[in-house]
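Since this is a predicted model, take the numbers as computed values, not measurements.
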Amino acid sequence: MTSLLILNGPNLNLLGTRQPDVYGVTTLPQIEADCQVKAKSLGIKLEFLQSNHEGTLIDSIQAARGVFDGIILNAGAYTHSSIALRDAIASVELPVIELHLSNIHAREDFRHHSHIAPVAIGQICGFGAHGYSLSMDAMVAHLARVGGK
Ligand code: DQA
């Protein structure tokens with residue numbers, strides 16, 4: 001059975017109350033519940049994690065090798081700062097989709113650069129909480145295309 005890891009970085013635990021004009025009002029537990037419903041309908045296994053700590057995110061990416069078929073990563077602000085996260089992704093040889101609720105390209109200049117993008121198979125941003133569902137569809141289609149999953 002196809003299995004996906006959705007990994008959420010710093011401050012995403014605050015969704016719902018964090019800058020709702022930018023990130024919407026849906027909480028992370030609500031997003032996870034929606035993703036689990038979708039996983040069931042797609043017939044796939046899904047693990048959903050959040051951490052504020054760069055090292056924990058790196059540990060999760062390293063541990064995903066051989067366990068998950070793909071990773072959907074909203075790395076939060078580490079997107080723009082973490083070469084270590086980029087190296088972890090490059091090391092595990094798993095397809096990674098970079099995800100953001102907001103359109104990072106329409107925001108401050110410092111959000112325009114992503115360390116994750118060059119090692120991701122693609123990026124989904126700007127669609128709010130719906131981006132999680134879009135990312136799952138994109139990953140399932142990608143796996144079907146490349147791996148016969
Ligand atoms: C974010 C965008 C990042 O620039 C920001 O630091 C976040 C959230 C998003 O989902 O839109 O924490 O990843």
Side-chain angles (χ1 to χ4, degrees), residues 1-13 15 18-19 22-24 26 28 30-54 56-149:
M1 184 189 267
T2 297
S3 66
L4 302 186
L5 173 64
I6 298 185
L7 207 47
N8 296 281
N11 300 307
L12 292 166
N13 55 313
L15 286 179
R18 174 192 183 196
Q19 296 179 272
V22 177
Y23 298 115
T26 312
L28 200 61
Q30 284 167 338
I31 290 173
E32 174 174 9
D34 291 345
C35 288
Q36 292 294 358
V37 168
K38 188 176 178 79
K40 215 169 198 174
S41 76
L42 289 171
I44 64 174
K45 199 172 152 279
L46 176 70
E47 194 164 323
F48 194 97
L49 299 175
Q50 188 275 332
S51 176
N52 291 324
H53 304 282
E54 188 177 17
T56 304
L57 296 168
I58 291 166
D59 287 344
S60 297
I61 292 168
Q62 289 183 6
R65 191 179 204 160
V67 177
F68 295 99
D69 298 298
I71 302 174
I72 294 164
L73 174 64
N74 185 347
Y78 289 141
T79 303
H80 319 296
S81 67
S82 179
I83 295 167
L85 264 182
R86 175 195 164 129
D87 284 351
I89 293 165
S91 303
V92 293
E93 291 171 349
L94 283 173
V96 172
I97 292 178
E98 176 182 351
L99 170 66
H100 303 283
L101 294 119
S102 63
N103 179 359
I104 56 173
H105 305 288
R107 299 183 62 195
E108 302 96 324
D109 286 352
F110 66 85
R111 293 185 205 278
H112 296 177
H113 180 260
S114 165
H115 287 294
I116 309 299
V119 289
I121 58 169
Q123 184 190 70
I124 292 176
C125 70
F127 297 100
H130 185 53
Y132 284 80
S133 172
L134 295 173
S135 301
M136 289 175 71
D137 285 334
M139 184 61 85
V140 167
H142 172 80
L143 293 171
R145 207 162 51 237
V146 301
K149 277 273 182 187

- prompt: Below 4.5 Å, heavy atoms only, C-beta onward: do Leu4 and Leu143 meet side chain to side chain?
  reply: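 Yes, close enough: below the 4.5 Å cut-off.
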- request: For the pair Gln36 (side chain) and Leu46 (backbone), establish whether a donor and an acceptor sit closer than 3.5 Å, ignoring hydrogens and angles.
  value: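 Judged by distance alone, yes, a pair lies under 3.5 Å.
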Enumerate donor-acceptor pairs with a distance under 3.5 Å from any side-chain N or O in residues 131-142 to protein atoms, sequence neighbours excluded.
from, atom 1, to, atom 2, distance (Å)
Tyr132, OH, Asn8, OD1, 2.6
Ser133, OG, Lys38, NZ, 3.3
Ser135, OG, Gly131, O, 2.7
Asp137, OD1, Lys38, NZ, 3.0
Asp137, OD2, Lys38, NZ, 3.2

Closest heavy-atom contact between [X] and [Y]?
X: Thr2; Y: Asp69; answer: CA-OD2, 3.2 Å
X: Gln123; Y: Ser114; answer: NE2-CB, 4.5 Å
X: Asn52; Y: Pro10; answer: OD1-CA, 3.3 Å
X: Ser3; Y: Phe68; answer: OG-CA, 3.4 Å

- request: Applying side-chain contact (heavy atoms from CB on, under 4.5 Å), name anything that partners Lys40, two or more places apart in sequence or on another chain.
  value: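 Listed in chain order: nothing, the list is empty.
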- request: Could you list the residues that satisfy side-chain contact (heavy atoms from CB on, under 4.5 Å) with Arg18, not counting sequence neighbours?
  value: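 For Arg18, the residues satisfying side-chain contact (heavy atoms from CB on, under 4.5 Å) (neighbours in sequence not counted) are Asn11, Leu12, Leu14, Tyr23.
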message: Please list all pairs meeting salt bridge (charged side-chain N to carboxylate O under 4.0 Å, His left out) that have one or both residues in residues 97-123, counting only residues at least two apart or in different chains.
response: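 Residue pairs passing salt bridge (charged side-chain N to carboxylate O under 4.0 Å, His left out), neighbours aside: Glu108-Arg111.
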- request: Show the numbers, then the answer: is there a side chain to side chain contact (heavy atoms under 4.5 Å, CB included) between Leu101 and Thr26?
  value: CA-CA 11 Å; Leu101 294 119; Thr26 312; over 6 Å; no
message: Under the side-chain hydrogen bond (donor to acceptor under 3.5 Å, both in side chains) definition, can you give me all pairs with a residue in residues 78-87, not counting sequence neighbours?
response: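 Passing the test, one end in residues 78-87: Glu54-Ser82.
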- request: Please list, chain by chain and in numerical order, all residues satisfying ring-ring contact (aromatic ring centres under 6.0 Å, His included) with His130, sequence neighbours excluded.
  value: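 Partners of His130 under the ring-ring contact (aromatic ring centres under 6.0 Å, His included) test: none.
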